[in-house]
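Letters A, B, ... are given to chains in the order of the sequence lines, protein chains preceding strands, and every chain is numbered from 1. Computed over heavy atoms, backbone and side chain alike; hydrogens, waters and symmetry mates excluded.
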Amino acid sequence: MAMERAFDEVDVSTLAFWELSAEERDARLAVLRAKRPVSWQRPAEGMATLPGREDPGYWAVTRHAEVMTVSRDPETYSSSNGFQIEDVPEEILESAGSFLGMDHPRHTKLRRLVSVAFTPRRVRALEDKIAFRAKTLVDDLLERGEGDFVDVVAKPMPSATFAEMMGVAEEDRERVTGLANDMVAWNDPDVLDGRDGLTLLLETLVGLYGEAATLSDARRAQPADDILTGLVTAEVDGEHLTDEEIAAFFVLLSVAANDTTRQSISHGMRALCRFPDQRELLASDLDRYLPGAVEEIVRWATPVMTFRRTATRDAELNGTKIAADDKVVMFYVSANRDETVFPEPWRFDITREPAHVGFGGGGPHFCLGASLARSMLRSMFRELVSRAPTLELGEPSFLIGNFIQGISSMPYRV
Amino acid sequence: MGLFRDAQDVYDSIGRIFQEAISDPEIGPKTKEAGLTIRFDFKDPDSIIYVDFARGDVFFGDAAPERDPAIKLAMKADDANKFWLGKLNLVMAMAKGQVRAKGSVPEMLKMLPLAKPLYARYEAQLRAQGREDLIQAAG
């Protein structure tokens, strides 16, 4: 049972907090990292929570070390009782989360079934296309001369990669990407446009399920050489994925693909513009510096800011007693600025030793798409840095929310 | 042809589980507190169930009140049977157009968890009524 506890004076639960700039937010998180790395917080505000729901609060885990500990101890910190900082209704989570919201053995079984579809040959074919796409996207960027960096470069790269994996037709890509982008924007007034967050979540879910059902039926009738065909035919120990399992994975993947790498590309380009010395260093020897730059971009961007677990038993985290059933939220956004791991964390430095938790802190839920994400970022920045040396960016507009660290739009000029 | 003989057959099976929910000492007070009104328009056979959780009333067919409910759901009676047996994924059913919903999504999401504990009871009720056919047909 959760006991009555006082909420920390540094409040990281309000939407007003998440509306602050990343630097302003981190000034508060830095206090927690230094003084109370595991702090008790009042329930997170947000539009994905049912009104009137009882919620005692949650533990905010803000340092790198404890984020790693929680990530790597799934027996104590379960994923099956919600994975968002907000108390999103179970019906939504189950439909949207796939194995992200499961523990062993369901998680292991489902993840294995899905992995069967990701054969090395299919992944290699995707990577070849990624390199080619990066070239054509930068061709387009240069030809236009100016425009919205997000629309021209950051969004199309992961959108097309996801579409190819799932066999989404060219004419449906924008719509599907739009659904995936809107799905994570339940706290953004512009995207909500008068709707409540739960309505937005259900509408986008239903849209993505419809797409998944149509595509799965088509692949069953006529198999193709793509990952979706692999998913409808995958078999482990005589078990297949159900339509609902495929649809839930489709949703998970659409969000994981479209809402993360897109942000890393935007934040990464912005960082290279704000730190011209690093851009110069990277350009001086791409082969040498690119792998480190990609890791630093993921740290810098931290597209997924928070994920939550629930304690299955009493535990202790950095001397703080966690009770069974307590919610525990990992602040990747804070862990990736932990000054004890990343000296001068607000300096963008492509020569750092990579230690970020941008793909999670290890353990069974480590990002399944990490190598594809790295591949997209490598190809994209190889082209951008070598072929668009005069590219300049204007002020971005940021997505509002407590989940994805997003840039909605950002003007560019070459 | 669906699984149910006629509208009365729907009311005796699906209608009854709503009455059970309302009179249940544990679930009843929660549904009352949620205070929702839902109207179900079923096809195959054409039938209507109108539930006023706040007042604890279930109306069938022509007896359904005129006033607009908070939520309107339209589906085949067979799919409603599947839902009450825990065999219908609502999001997928909505995506495929099997279930059409109108009204407040937050209100609907508030009610759904209350239905879960009733799946087993619906199944037991069907068995008691000698309607194993409805259970088997749901897969």
- line: Which of Leu200(A), Asp188(A), Leu192(A), Asp193(A) passes side-chain contact (heavy atoms from CB on, under 4.5 Å) with Asp182(A)? Answer is Leu200(A)

Given Asp78(B), Asn81(B), Val99(B), the one that forms side-chain contact (heavy atoms from CB on, under 4.5 Å) with Leu88(B): Val99(B)

Side chain from CB out, backbone as N, CA, C, O: work out which of these in [X] comes under 4.5 Å of a heavy atom of chain B, or both, or neither.
X         : result
Glu203(A) : neither
Ser95(A)  : side chain
Leu202(A) : side chain

task: Pull out the residues in residues 243-258 of chain A that come under 4.5 Å of chain B, heavy atom to heavy atom, sorted by number.
output: Asp243(A), Glu244(A), Ala247(A)

message: Between Arg67(B) and Asp52(B), does any NZ, NE, NH1 or NH2 come within less than 4.0 Å of an OD or OE carboxylate oxygen?
response: yes

message: Looking at Lys109(A) and Asp237(A), is there a salt bridge between them, counting it only when a charged N and a carboxylate O are closer than 4.0 Å?
response: no

- request: Using the six-membered ring wherever Trp is involved, compare the ring planes of Phe99(A) and His107(A) and label them parallel, tilted or perpendicular (cut-offs 30° and 60°).
  value: perpendicular

Parallel, tilted or perpendicular: ring planes of Trp186(A) versus Phe403(A), cut at 30 and 60 degrees: parallel

- request: Can you tell which part of Lys110(B) gets under 4.5 Å to a heavy atom of chain A, answering side chain, backbone, both or neither?
  value: both

Under 3.5 Å side-chain donor-acceptor pair for Tyr50(B) and Asp57(B): no

message: Below 4.5 Å, heavy-atom pairs only: which of Pro113(B), Ser104(B), Ala101(B), Gly97(B) has the largest tally toward chain A?
response: Pro113(B)

query: How about Asp133(B): does its CG atom have over 12 heavy atoms from other parts shown lying under 6.0 Å from it?
result: yes

